[in-house]
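Some notes on the structure that comes next.
In what follows, every chain begins at residue 1, and chains take the letters A, B, ... in the order their sequences are listed.
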2 protein chains.
Amino acid sequence: MAQVDTVTRILDAAEELFAEHGFAETSLRTITTRADVNLAAVNYHFGSKKALIQAVFVRFLGPFYKLVESSLDAHEKAHPDTILSIEDILRFVARAMASVTQGDRNRLAIFMRLLGLAYNQGQGHLRKFLQSEYRSLFKRVMALITKATPDLQPVERFWRFHFMLGSAAFTLSSMENLRAIVEHDFDTKCTEEDVVGYLLPFLAAGIRAK
Amino acid sequence: MAQVDTVTRILDAAEELFAEHGFAETSLRTITTRADVNLAAVNYHFGSKKALIQAVFVRFLGPFYKLVESSLDAHEKAHPDTILSIEDILRFVARAMASVTQGDRNRLAIFMRLLGLAYNQGQGHLRKFLQSEYRSLFKRVMALITKATPDLQPVERFWRFHFMLGSAAFTLSSMENLRAIVEHDFDTKCTEEDVVGYLLPFLAAGIRAK
DNA sequence: TTTTGAGTTAAACGTATGTTTCAAACAGTT
DNA sequence: AACTGTTTGAAACATACGTTTAACTCAAAA
């Protein structure tokens, strides 16, 4: 199956390069060279560069989406009518992410950086695509957060949710650089788990503020 | 003085377009067209596109830098040996930003999006430039935060500082979109001041977590 | 009035990009 | 072995980009 190999190699290369340099700054020639694949392969297998970008996201978010859904399903079946705490919710999401990205060391950073790019870059077409594709998961998590923070005004909860999202996306996406700084300035090494361990209490305290 | 006018018009146009589409996605032709200026004007006045990008940042960060410095100076002269709370520190920064961006309605979002881009995009040359240019302000603010959170371990404080930075950069840079969602989903309008009013307690609670 | 020099303009340059083409190579079926 | 549909390969295509050039404008100095 040379086809699958080619497709996978393209996705692997594109994923890394997109996360490292952004979408516009990464050319198909760079991608196909790193993937050791002919230039025309991208247009043959994906149709266009835009479609390649979307395919990268689908491969990333698909398993993540399913994992969060299924683990939430399992928990609700095992412990019905339980109200999850913010920490619980965050741990569900964090565990799914760790599971999806495990194997590759810095794939979590790639994941978050791609998410950040999707949110900021790409005039609409990518954000629209993701919003329509993953709206139901978003709503489900939001409903859990609502139950966990009953005293919060809806508008303020909305903003605090995005504050959390921003912390995670921004920090985890620059994790390599920040970890390098930590190692240089504090003579300490931080694993991804360490950083997530720092992050979750911060987020939980933030959303419960006041 | 047609010269100053041209330079300013280029900076205005570039600032908006960079924030909206990123650096690589914004061409000099788009900029000069919007600025109603000849294409060659950018290379004539700035030398290159890279230099233009840096000039945009200098015009943004220069006044901000000076304002934070001077207001901190003034406060330390008026109330020496006072330990600022986290809220106080954040208010100093927020006030300087509001002051720099006031006039244009969404210039705060542009500001933050440019900062985010500088952090994620731009292979080094921009980040290096900003780090060397504004290291002293960074260290000063960090020292204040350290005094305000004496019980925190240095490494954890470092991470929490960047969690705060991420919240602010991410949310404020997508403020237009998020405000539109709020208006659609909650039938409520949020001003920039409202969002900052939501943000500061979140950040303060986060950095004080546990 | 002539000269000077910074500023502007239109056109061109070289390069890099995404995409297309079409022939060759391949795998699986008859 | 011959055929068929799919995948690869090298080359070309058209376009968009950042940059450079050289002619031109025009106000201020000489």
Using whole Å, what does the distance between atom [atom2] of nucleotide [N] and atom [atom1] of [X] come to?
| X | N | atom1 | atom2 | value |
| --- | --- | --- | --- | --- |
| L52(A) | dT17(C) | CG | C1' | 15 Å |
| I10(A) | dG9(D) | CD1 | P | 11 Å |
| L28(B) | dT9(C) | CG | P | 16 Å |
| N38(A) | dA24(C) | CG | C1' | 12 Å |

Check every atom of [options] against the side chain of [X] and return the nucleotide holding the closest atom.
| X | options | result |
| --- | --- | --- |
| S27(B) | dG18(D), dA10(C), dT8(D) | dG18(D) |
| K49(B) | dT8(C), dT19(D), dG18(C) | dT19(D) |
| R29(B) | dT6(D), dT19(D), dG18(C) | dT19(D) |
| N43(A) | dT17(C), dT20(C), dT8(C) | dT20(C) |

- Item | 5′-ward residue of the pair Y44(B)/V37(A) relative to DNA chain D |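 It is V37(A) whose nearest nucleotide is closer to the 5' end.
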- Task: Can you see which heavy atom on R59(B) is nearest to which on P63(B), and at what distance?
- Result: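 Where R59(B) meets P63(B) most closely, the heavy atoms are O-CD, 3.1 Å.
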- Do any side-chain nitrogens or oxygens of T6(B) fall under 4.0 Å of OP1 or OP2 in dT8(C)?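 Yes, because at least one side-chain N or O of T6(B) sits under 4.0 Å from OP1 or OP2 of dT8(C).
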- Query: Using a cut-off of less than 4.0 Å, is there contact between a side-chain N or O of H45(A) and OP1 or OP2 of dT6(D)?
  - Reply: no
Base, sugar-phosphate or nothing for [X]? Non-hydrogen atoms, less than 4.0 Å.
| X | value |
| --- | --- |
| T32(B) | nothing |
| T30(B) | nothing |
| A40(A) | base |

- Task: Go through the structure and list residues passing side-chain hydrogen bond (donor to acceptor under 3.5 Å, both in side chains) with E69(B), not counting sequence neighbours.
- Result: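 Residues passing side-chain hydrogen bond (donor to acceptor under 3.5 Å, both in side chains) with E69(B): R140(B).
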- Query: Under 3.5 Å, side chain of R160(A) to main-chain N/O of A209(A), donor-acceptor pair present?
  - Reply: yes
- Query: Are D194(A) and T191(A) close enough that a side-chain donor and a side-chain acceptor fall under 3.5 Å?
  - Reply: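 Yes, T191(A) and D194(A) have a side-chain donor paired with an acceptor closer than 3.5 Å.
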